[in-house]
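Counting from 1, the numbers follow the sequence of the chain as shown. It should be emphasised that the depicted structure is a prediction, and the values quoted were computed from it without experimental measurement. Counting starts at 1 for both ligands and their atoms, in listed order.
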Amino acid sequence: MRQNDVLTEERDGFRFRGGCPAIDLPATLQARLKPAPRELLATPEDVRRWMVAAGLTDTAPPADEGDLALARRLREAIYDLAVHRHGGSGPPGGSLDSALDVLNQVAALPAATPALALAGSTAAVALNGPMTAFIATVAREAVHLFGGAATAHIRQCQSPTCTLFFVDTSRAGDRRWCSMKGCGTKAKVAEFRRRRREGG
Ligand SMILES: [Zn+2]
């Protein structure tokens with residue numbers, strides 16, 4: 001598995017700003033509070049591409065329509081759990097109980113199995129299994145995220161137009177934006193303009 005911290009926030013058209021795949025999955029429905037959200041998981045192939053971009057595997061197995069539906073259900077469960085538990089700028093799509101049920105059901109599916117891969121002096125962990133198992137792996141990560149110590153660090157971006165959640169790993173625990181380059185810069189520009197207006 002590759003390390004997320006050395007990768008960029010945008011990969012293969014998907015956003016990875018949250019710090020781990022589980023909290024980044026909801027970002028695959030862009031502009032979710034707008035009248036016409038943009039679905040980035042439109043086809044089964046998109047699910048396969050996301051798994052590779054998320055760093056879970058270099059060669060994801062093929063995905064089918066069932067995997068697509070499962071990935072979307074998990075995504076909405078994670079988003080709803082984050083909104084219910086950690087606040088949010090918009091209403092969740094469903095109840096906390098139904099989100100919890102979906103998450104735990106997907107997490108109960110057989111997950112991808114790790115294998116040690118050695119090549120010369122380098123070592124890596126390779127995950128194996130059908131696409132359903134990769135989706136279950138993301139669900140299990142979400143279970144540990146919401147149920148473990150990291151749950152205290154889940155935050156939503158403070159941009160009023162952004163719904164992305166992230167895990168705040170800053171030392172001071174005061175991270176405000178999903179992306180310093182994205183929402184952080186936009187907010188600074190808006191603040192600068194507001195001050196200039198008020199100043200004269
Ligand atoms: Zn943001």
query = Atom CG of L145 and atom NE2 of H153: how far apart are they, to the nearest 0.5 Å?
reply = 10.5 Å
message = Can you confirm whether more than 12 heavy atoms, excluding those of R73, are under 6.0 Å from its CZ atom?
response = no
inquiry  = How about CZ on R193, more than 12 heavy atoms from neighbouring residues, nucleotides or ligands closer than 6.0 Å, or not?
reply    = no
ask   = At what distance, to the nearest 0.5 angstrom, does SG of C162 lie from CD of Q30?
value = 10.0 Å
query = Is a donor on one side and an acceptor on the other found under 3.5 Å between the side chain of D168 and the backbone of R175?
reply = yes
task = Please indicate how many protein N/O/S atoms are found closer than 2.8 Å to the Zn ion (ligand 1), with waters neither displayed nor included.
result = 4
Gap separating the CZ atom of R75 from the CD1 atom of I135, nearest 0.5 angstrom = 11.5 Å
